[in-house]
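Remarks on the structure that follows.
Numbering of residues begins at 1 and proceeds along the displayed sequence.
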Amino acid sequence: MASETWESGNSMELSLEHFGVPEFGWRVPLDYEFPEKWGPLKGLRFFELIKLIPTFFRYLKFVWKMWMLGRRPFIDIVPIPFKTLYGVPIGGIGCGAINRGWKGEFCRWSLTPGIYTYNVVEVNQFIVRIQRPNQPVYQQVLYPGKVSNKHLTQSWQWHFPGDRAHYHGLYPRAWTVYRIPEQDVTLVCRQVSSVFPNDYKDTCLPVGVFVWEVDNHASTPVDVSIMFTWQNGIGAPSDKNGSRWNEGFCNKDTEGSCEGVLLHDDKSSMRCTMAVAAANQEGVKVSYCTDFDPNTSADEIWEDLLEDGHLNSSAVPTYETEEGELTAAAVCASDRVAKKSRGKMEFVLAWDMPRIHFKGNGHSYNRRYTRWFGHDGKAAIKLCSYALRSYSRWEKAIESWQKPILDEESYPAWYKSALFNELYFMTDGGSIWVESQEDQASSSAGDRTQDPSSRIAKLKKDMGMFAYLEGHEYRMFNTYDVHFYASFALTMLWPQLQLCFQDFIGTCVHATDDESYYQIASGQPAKRKLANCVPHDIGDPEEEPWKRINGYYQHDTCKWKDLNLKFVLITFRDFYQIQDLAFLREMYPKCKAVMETAKLQDIDDDGLIDNSGTADQTYDSWAMTGASAYCGGLWLAALRCMVEMAHILGHEDTDASEYSALLDKGRKSYEDKLWNGKYYNYDSNSKTCMADQTAGQWYLRACNLTKDRSGVDIFPTDHVLSALETIYQKNVLPFREGLLGATNGVKPNGKIDYSASLQCEEVWTGVTYGLAAHMIQEGLVKKGFQTASGIYHTCYNRAGLGFQTPEAILETQHFRSTGYMRPLAIWAMQWALENRHNRAASEDTTN
């Protein structure tokens with residue numbers, strides 16, 4: 001049977017944990033109002049605005065050029081509309097995503113690669129019908145928000161009391177608990193997506209499962225029906241383009257069956273079939289409606305459900321819509337729940353968009369899941385059936401992964417929530433994961449001389465190609481200077497994907513692209529890609545990613561000072577994690593090539609690379625001049641990694657000797673030129689205290705490589721600790737009582753350095769997480785957690801920026817660039833915590 005007997009007290013007094021909701025995660029009542037009013041950054045200080053006037057006009061010229069080509073610019077100058085409604089997204093990695101808000105609305109869509117729409121589709125709802133013997137029928141839309149569709153407003157019963165429901169998000173799952181005391185019923189909706197570590201099949205599936213549990217607290221049985229309504233489309237104007245049609249289905253499977261509706265879109269360039277379905281279980285009756293118009297006939301389906309708790313199923317396909325028409329469908333599950341018992345109904349949402357392409361109208365790619373479900377566009381039913389019979393296995397894998405972290409008493413509660421919920425970006429960050437067929441893998445951008453029989457070549461063929469956006473507003477795939485921070489999530493959870501990611505970047509090192517363009521920032525000409533340097537990104541979705549790399553026209557990134565060094569550091573970090581010599585052998589020559597380019601950036605032959613006096617690194621509007629703490633530290637760390645890699649590969653007498661000599665020379669210059677007794681100066685011209693000044697040491701400590709091979713610190717330990725303590729005192733504590741995060745740039749007197757750049761006064765969420773990780777690695781555990789906590793509490797609890805964590809927040813209650821890659825750096829904190837634990841265990845064993 002679909003119910004189990006249980007005893008309980010008053011349903012309104014039971015805790016959420018009683019209904020199976022975890023203790024940790026992001027939890028709010030559905031009538032929650034965020035205490036602070038935040039908004040996107042809209043204006044600049046006068047002196048900043050004056051400096052940027054030429055850049056602004058060059059950007060407008062660039063936008064006009066893109067518009068003439070039918071393309072969007074790689075960065076939106078107008079921020080996307082800010083809404084405080086997002087929740088745990090639905091779907092796997094790289095298959096497109098649908099965000100379901102914490103109040104229950106389906107509200108952000110990224111099914112087409114690189115394109116987001118932010119439409120709340122009001123007809124997409126769960127509706128409950130409850131009937132007890134000799135009592136009036138209760139029927140209610142389980143949504144507390146406002147609705148603008150007048151026909152829906154008049155036809156359906158809205159405004160579920162928000163104070164009677166709670167949302168609990170812990171990616172990749174979410175729970176909503178609805179208390180209906182007048183019916184002695186509690187409903188629990190559990191949302192499940194198939195995302196968990198070290199899985200490279202189910203994790204890519206375009207499905208979401210909704211498990212509804214019905215707790216009958218009364219001493220009499222109750223008939224309960226849950227109806228799931230769904231519009232054919234994503235709430236965009238294209239929904240009315242016509243050529244959409246629906247059909248019912250009943251799938252009999254050896255391990256279970258399901259019934260529902262397929263919603264076809266045959267007119268868009270990348271055809272998509274969606275499916276809504278419910279599982280046939282003993283005691284549960286499934287019915288469906290293939291077609292209703294939410295603008296004209298929504299009252300008919302409401303009355304159909306109200307009449308007897310079922311829908312009048314018909315599998316006959318509907319007519320294709322005409323231009324201007326909408327169509328929607330519904331599936332319903334009904335169950336009689338015995339007294340003092342619990343019933344269960346299972347729903348699934350799936351979408352099948354098997355072949356994708358980009359605006360460049362180039363190659364067509366098969367999404368990863370098609371390897372098992374086919375690419376003929378007929379997989380939606382199979383996906384539904386597979387999800388319904390597999391989700392319990394997924395949940396066991398998710399719980400096995402999360403439980404050790406959730407049970408760790410030394411971790412703060414907010415951290416447990418943030419660690420998993422920031423992973424939303426793996427699904428909802430525009431990620432694409434496609435098959436790497438031989439003809440697809442050949443790229444004019446990359447070096448494809450790799451031995452096809454090599455271990456890495458076989459891995460790429462098996463894993464395919466993966467990419468994710470820098471951000472919802474910053475539309476470039478695999479932006480590498482940002483991935484430097486975010487990559488800890490990938491290498492800890494899906495290391496095979498990280499290896500393929502890093503390998504492709506390596507194939508681009510020797511690539512060239514002679515396209516000339518004028519930099520938006522300076523107006524100076526530049527080439528799109530030069531040889532022997534790391535690309536900024538692997539392309540813009542408005543062009544052809546993987547084939548046209550470097551879609552960023554703001555600066556000449558071929559001359560940036562951090563990209564080459566980050567490539568070396570990530571390569572060694574990945575090797576340290578997986579201990580794969582084949583990977584190291586393949587990457588080492590490319591590391592040597594980019595280090596040769598980096599050597600040329602040492603203008604005064606002091607062993608340190610020099611910044612050019614422009615914004616030539618990830619802080620792309622904050623100029624650095626001469627020796628700098630950030631790039632100089634990365635340079636020394638990269639040299640140390642090169643020494644180690646050379647020794648591992650047997651190049652002790654050649655490469656290792658050369659890099660060691662350069663390292664000795666460079667670290668003396670670094671200390672002489674930048675150390676001021678408390679911290680490292682921002683650069684040769686500024687004593688600003690930079691939050692990110694110890695990034696090089698952070699990576700070295702993450703790999704237990706902080707000393708040279710003779711046992712001498714690369715960065716003196718007392719200097720590192722002093723710098724971190726100073727950052728904590730100057731950049732963290734003075735701002736909103738230490739609950740904002742780490743402000744990027746603060747003068748020696750403790751004031752923000754407004755004179756340099758807007759980026760000085762910003763708190764970069766991902767940089768703060770990385771800084772916190774470094775603090776933890778150096779033993780400042782409490783201060784690390786305190787530093788990072790400001791990001792979580794600001795975004796999730798005060799500002800309504802959860803599940804859209806921005807690149808930057810400001811003390812003025814403004815933010816920049818929502819939905820950004822860099823906050824995945826919170827997984828560097830987990831890396832640090834586990835690394836400390838492993839070191840302590842090793843020392844105990846030794847002692």
Side-chain angles (χ1 to χ4, degrees), residues 447 456 478-488 490-491 498-499 501-510 530-536 557-581 583-602 607-609 616-618 628 630-649 651 654-663 665-667 670 694-706 708-709 714-715 770 828:
D447 170 16
I456 300 301
N478 293 1
T479 301
Y480 199 71
D481 57 305
V482 183
H483 180 69
F484 173 75
Y485 299 83
S487 61
F488 282 88
L490 209 58
T491 200
Q498 169 59 23
L499 291 188
F501 184 117
Q502 185 72 353
D503 174 77
F504 185 83
I505 296 295
T507 66
C508 297
V509 164
H510 299 303
L530 300 178
N532 298 329
C533 63
V534 172
H536 172 271
T557 58
C558 297
K559 297 178 181 178
W560 273 18
K561 305 304 185 291
D562 61 338
L563 288 169
N564 294 343
L565 312 177
K566 288 174 176 177
F567 178 76
V568 173
L569 291 172
I570 292 175
T571 294
F572 187 80
R573 191 275 317 276
D574 290 348
F575 169 74
Y576 175 82
Q577 172 78 345
I578 62 170
Q579 295 295 305
D580 187 327
L581 279 172
F583 169 75
L584 191 64
R585 287 193 188 97
E586 183 156 327
M587 302 303 289
Y588 183 72
K590 296 158 188 176
C591 290
K592 283 189 63 177
V594 300
M595 288 297 282
E596 288 301 312
T597 298
K599 282 183 192 177
L600 302 176
Q601 296 166 344
D602 178 6
L608 278 183
I609 63 171
D616 56 0
Q617 25 64 43
T618 195
S628 69
Y630 182 68
C631 291
L634 294 175
W635 165 247
L636 296 180
L639 285 171
R640 177 64 187 95
C641 288
M642 291 301 296
V643 171
E644 196 67 15
M645 288 190 285
H647 272 274
I648 291 170
L649 296 176
H651 307 304
T654 52
D655 296 347
S657 177
E658 178 188 349
Y659 290 126
S660 292
L662 195 52
L663 174 59
K665 184 178 181 180
R667 63 182 167 183
Y670 190 76
T694 60
Q697 169 75 358
W698 164 39
Y699 253 71
L700 288 184
R701 178 69 76 184
C703 301
N704 292 326
L705 201 64
T706 57
D708 65 18
R709 295 188 67 83
I714 306 303
F715 302 92

Using a distance-only test with no angle check, is there a side-chain donor-acceptor pair under 3.5 angstrom linking [X] and [Y]?
X      : Y      : answer
Ser487 : Gln498 : no
Asn532 : Glu596 : no
Glu644 : Tyr659 : no

Quick check against the 3.5 Å criterion: does [X] have a side-chain atom that pairs as donor or acceptor with the backbone of [Y]?
X      : Y      : answer
Asn478 : His483 : no
Asp562 : Cys631 : no
Thr507 : Phe504 : yes
Tyr699 : Phe484 : yes

Nearest non-hydrogen partners of [X] and [Y], listed with the distance:
X      : Y      : result
Val568 : Ala638 : CG1-O, 3.7 Å
Ala593 : Val509 : CB-CG1, 4.2 Å
Gly607 : Lys665 : N-CE, 3.9 Å
Trp698 : Ala828 : CZ2-CB, 3.6 Å
Leu700 : Cys641 : CD2-SG, 4.0 Å
Trp560 : His536 : CZ3-CD2, 3.8 Å

Inset, instruction - Please state whether the rings of Tyr588 and His651 are parallel, tilted or perpendicular, taking 30° and 60° as the class boundaries. - result: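 Parallel, since the angle between the ring planes stays under 30°.
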
Counting C-beta onward and ignoring hydrogens, is there a side-chain heavy-atom pair between [X] and [Y] closer than 4.5 Å?
X      : Y      : value
Met595 : Phe567 : no
Asn564 : Cys533 : yes
Arg709 : Ser660 : no
Phe575 : Met645 : no
Ile505 : Pro535 : yes
Tyr485 : Thr618 : yes
Thr706 : Phe715 : no
Ile609 : Leu634 : no

Could you give the distance from [atom1] ([X]) to [atom2] ([Y]), rounded to the nearest 0.5 Å?
X      : Y      : atom1 : atom2 : value
Ile570 : Thr491 : CD1   : OG1   : 9.5 Å
Ile714 : Leu663 : CD1   : CG    : 4.5 Å
Asp580 : Met587 : CG    : CE    : 11.5 Å
Gln617 : Leu565 : CD    : CG    : 11.0 Å

Legend entry - Electrostatic pair Lys599:Glu658 at N-O distance under 4.0 angstrom: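 Judged by the 4.0 Å cut-off on N to carboxylate O distance, Lys599 and Glu658 do form a salt bridge.
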
Inset, instruction - Could you tell me whether Asp708 and Arg640 make a salt bridge, using a distance below 4.0 angstrom between a side-chain N and a carboxylate O? - result: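 Salt bridge absent between Asp708 and Arg640.
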
Legend entry - Within 45° cone of Phe488 ring axis and under 6.0 Å: Arg573 NZ or CZ: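 The answer is yes; both the distance and angle limits are met.
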
Inset, instruction - Just do the side chain to side chain contact (heavy atoms under 4.5 Å, CB included) check on Tyr576 and Leu705 with the steps written out, would you? - result: CA-CA 10 Å; Tyr576 175 82; Leu705 201 64; over 6 Å; no

Inset, instruction - Take Arg585 and Leu649, measure what side chain to side chain contact (heavy atoms under 4.5 Å, CB included) needs, and give me the verdict at the end. - result: CA-CA 7 Å; Arg585 287 193 188 97; Leu649 296 176; 3.6 Å; yes

Inset, instruction - Could you give me the CA-CA distance, side-chain angles and deciding distance for Tyr630 and Thr694, then say whether side chain to side chain contact (heavy atoms under 4.5 Å, CB included) is met? - result: CA-CA 7 Å; Tyr630 182 68; Thr694 60; over 6 Å; no

Inset, instruction - With salt bridge (charged side-chain N to carboxylate O under 4.0 Å, His left out) as the test, would you mind laying out the steps for Asp481 and Lys566 before giving the verdict? - result: CA-CA 7 Å; Asp481 57 305; Lys566 288 174 176 177; 5.1 Å; no

Inset, instruction - Dump the intermediate steps for side chain to side chain contact (heavy atoms under 4.5 Å, CB included) on Thr597 and Leu530, then the final yes or no. - result: CA-CA 11 Å; Thr597 298; Leu530 300 178; over 6 Å; no

